[in-house]
Amino acid sequence: MADAALTIIGGGAVGLALAAELSRRHGPLYLLERNPRYGQETSSRNSEVIHAGIYYPHGSLKAKLCVEGNRLLYGLCGRHGIPHRRITKVITATRASELSELHRLHELGSGNGVTLRMVTAGEVHEMEPEIVSVGGLFSPDTGIISAHGLMDYYYRSALEQGAVIQTHCTVVGVERRTGDYRITVSESGNLSTITSERVINAAGLESDTIASLAGIDPDREGYRLHYSRGCYFALPPRLSGCVSRLVYPVPTSETLGVHAVVDLGGRLKFGPDIEYQDDRVQDYRVDEKKRGAFGASVRRILPHVRDEDLTPDMSGIRPKLQGPGEPPRDFLIREESRRGLPGFINLVGIDSPGLTASAAIAKYVGGML
Ligand SMILES: Cc1cc2nc3c(=O)[nH]c(=O)nc-3n(C[C@H](O)[C@H](O)[C@H](O)COP(=O)(O)OP(=O)(O)OC[C@H]3O[C@@H](n4cnc5c(N)ncnc54)[C@H](O)[C@@H]3O)c2cc1C
């Protein structure tokens with residue numbers, strides 16, 4: 001008999017959502033997390049936006065799981081008191097040439113099942129008097145959430161259902177045996193093993209490494225991750241009231257663009273930018289030298305913001321399947337029987353909107369099991 005029916009590697013929002021969803025039906029369930037606490041990596045270094053699902057191609061997992069995740073998250077927040085606000089969002093065109101892209105997004109998002117409304121420059125100015133706009137796209141279902149509040153809820157609910165959540169546990173080996181997997185874990189340098197009938201790899205920035213420990217060649221199979229850092233700069237409290245909702249520029253092919261993010265405490269920050277890293281070090285410092293570039297991006301939307309109003313804030317790292325200049329890739333969520341690993345499920349490239357989609361990803365993976 002294996003020690004566990006199911007083992008989840010990684011205690012970010014996705015791993016915890018999986019534990020909350022699956023611990024009732026698939027016990028004994030273990031979740032292994034390398035840090036001293038859950039949710040210390042990408043899941044606590046993001047915009048905390050509940051996305052509506054506007055930007056993703058029809059039929060993609062990102063579109064499906066974001067739209068469903070949005071609905072599930074508001075339901076969970078309402079029922080369990082998770083801090084959130086349905087603050088709404090406007091994507092603003094700052095020049096006439098961007099209006100056609102807004103129409104394209106309107107069509108794309110509506111096709112994904114998102115409620116959206118094209119708004120005139122006058123309507124945008126009524127909503128947000130200080131922003132530059134020649135027209136906008138309004139999303140009533142975009143909101144903000146406390147990522148920690150959400151993860152605390154998933155954590156409690158998994159524990160109540162009997163999940164065993166072990167921190168300080170770095171998975172360093174995964175071996176397929178007849179009928180189960182043998183997982184080797186390092187705790188402060190001491191090695192131990194557990195056996196598990198099934199395994200889910202939700203290791204975020206290391207999900208390609210975990211896949212390769214299980215015997216998958218990440219380069220050949222297209223699982224290799226690229227680290228793409230996103231930094232934020234904040235405005236001081238006296239200027240934070242200049243917008244009252246999330247304000248985004250018209251996106252480029254690589255990013256949603258540096259946008260105005262209002263948090264639950266009323267702080268206003270701008271970001272994230274995008275910078276691919278050559279190495280795989282988790283370096284979260286925000287380089288002051290970026291201030292000028294941030295100032296220029298912000299002034300496209302809010303012309304009165306000066307470079308000196310902006311202070312370096314936080315950063316996060318996106319685990320991207322595509323490299324610089326390559327077309328966007330979808331979430332990779334795969335049961336690996338075809339690669340000789342029955343009952344092994346990889347979740348790789350869970351970048352944005354992974355926080356929004358977390359509960360929907362957990363249901364989707366539950367269906368695969
Ligand atoms: C700048 C930025 C802004 C974003 N904004 C948004 C947003 O507004 N809305 C949204 O929906 N999404 C957003 N995202 C995306 C979202 O944050 C992620 O999709 C989501 O947090 C991914 O969660 P995860 O659990 O897959 O990964 P993580 O949070 O990275 O969790 C993975 C866990 O696995 C653990 N781990 C790794 N290797 C091992 C190992 N060998 N053994 C044990 N444990 C291991 C790590 O310690 C980590 O805790 C943003 C991301 C970034 C970077």
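When a ligand or atom number is given, it counts from 1 through the structure's own listing order.
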Going by the 4.0 angstrom heavy-atom rule, the piece of Ala202 near ligand 1 is backbone
Got an N/O contact under 3.5 Å between Gly204 and ligand 1?
no
Atom 10 (C) of ligand 1: the protein heavy-atom neighbour that sits closest, reported with distance to 0.1 Å
Leu355 CB, 3.5 Å
Look at atom 30 (O) of ligand 1 and say which protein heavy atom is nearest, naming residue and atom and giving the distance to 0.1 Å.
Thr42 OG1, 3.4 Å
Determine whether more than 12 heavy atoms belonging to other residues, nucleotides or ligands lie under 6.0 Å from atom CZ of Arg338.
no
For ligand 1, does Leu347 get within less than 4.0 Å through its side chain, its backbone, both, or neither, judged by non-hydrogen atoms?
neither
Checking Glu107 against Ser110: is there a side-chain donor and acceptor pair closer than 3.5 Å?
no
Identify, by atom number and element, the atoms of ligand 1 in contact range of Glu48, meaning under 4.0 Å from any of its heavy atoms.
8 (O)
Ligand-side contact atoms (ligand 1) for residue partner Asp351, heavy atom cut-off under 4.0 Å
15 (C), 19 (O)
Kindly confirm or rule out an N or O of Val14 lying under 3.5 angstrom from an N or O of ligand 1.
yes
Please check whether Glu33 reaches ligand 1 - meaning an N/O of the residue sits under 3.5 Å from an N/O of the ligand, judged on distance alone.
yes
Say whether Glu206, considering both its backbone and side-chain N or O atoms, lies within less than 3.5 Å of an N or O atom on ligand 1.
no
Atom indices of ligand 1, in the order listed, that fall short of 4.0 Å to a heavy atom of Cys169
42 (N), 43 (C)
Could you list the atoms of ligand 1 found under 4.0 angstrom from a heavy atom of Gly354?
11 (O), 12 (N), 19 (O)
Answer yes or no: does an N/O atom from Gln40 fall short of 3.5 Å to an N/O atom of ligand 1?
no
Check the surroundings of atom CG in Asp278: do more than 12 heavy atoms from other residues, nucleotides or ligands lie under 6.0 Å from it?
no
the protein heavy atom lying closest to atom 7 (C) of ligand 1 turns out to be His51 NE2, 3.5 Å
Does one side chain, of His51 or Asn70, offer a donor that lies under 3.5 Å from an acceptor on the other?
no
Which of the atoms of ligand 1 are close to Thr170, meaning less than 4.0 Å from one of its heavy atoms?
41 (N), 42 (N)
When you compare ligand 1 with Ala13, is there at least one nitrogen or oxygen pair between them that comes in under 3.5 angstrom?
yes
Knowing that exactly one of Tyr248, Phe270, Phe294 qualifies, which makes a ring pair (Phe, Tyr, Trp, His ring centres under 6.0 Å) with His259?
Tyr248
Looking at ligand 1, is there an atom of it that comes within less than 4.0 Å of some heavy atom belonging to Tyr232?
yes
Can you check which of Ser44, Ser43, Gly12, Gly173 brings a heavy atom nearest to atom 23 (O) of ligand 1?
Ser43
Is it the case that over 12 heavy atoms from other parts of the model lie below 6.0 angstrom from the CD atom of Gln277?
yes
For Gly316, the atoms of ligand 1 under 4.0 Å from one of its heavy atoms are 53 (C)
Is it the case that one hydrophobic cluster holds both Tyr153 and Leu264, taking links as side-chain heavy atoms less than 4.5 Å apart, direct or via other members?
no
Separation between CD1 of Ile145 and CZ of Arg85, rounded to the nearest 0.5 Å:
13.5 Å
Donor-acceptor side-chain pairing of Arg34 and Thr170 below 3.5 angstrom:
no
Could you find the nearest protein heavy atom to atom 36 (N) of ligand 1 and give me its residue, atom name and distance?
Arg34 NE, 3.7 Å
May I ask you to check whether Asn201 and Ser207 show a side-chain donor-acceptor distance below 3.5 Å?
no
Any N or O of Arg45 that comes nearer than 3.5 Å to an N or O of ligand 1?
no
With a heavy-atom distance limit of 4.0 Å, tell me whether Leu32 approaches ligand 1 through its side chain, its backbone, both, or neither.
backbone
Identify which of Gln282, Arg37, Glu41 has a heavy atom lying nearest to atom 46 (C) of ligand 1.
Glu41
Strictly under 4.0 Å, does any heavy atom of Leu16 approach an atom of ligand 1?
no
For Val49 and ligand 1, does the shortest N/O to N/O distance drop below 3.5 Å?
yes
How many angstroms lie between NE2 in His103 and CD in Glu98, if you round to the nearest 0.5 Å?
12.5 Å
Reported CD1-to-OH distance for the pair Ile165 and Tyr155, which is rounded to 0.5 angstrom
5.5 Å
Glu335 side chain near Asn346 side chain, heavy-atom distance below 4.5 Å:
no
Starting from atom 22 (C) of ligand 1, which protein heavy atom do you reach first, and at what distance in Å?
Ile350 O, 3.6 Å
For Tyr276 and Tyr227, I'd like to know if the aromatic rings sit close, meaning centre-to-centre distance below 6.0 Å.
no
Do we see a donor-acceptor contact under 3.5 Å between the side chains of Gln161 and Arg24?
yes
Just distances here: any N/O of Ile317 and N/O of ligand 1 closer than 3.5 Å?
no
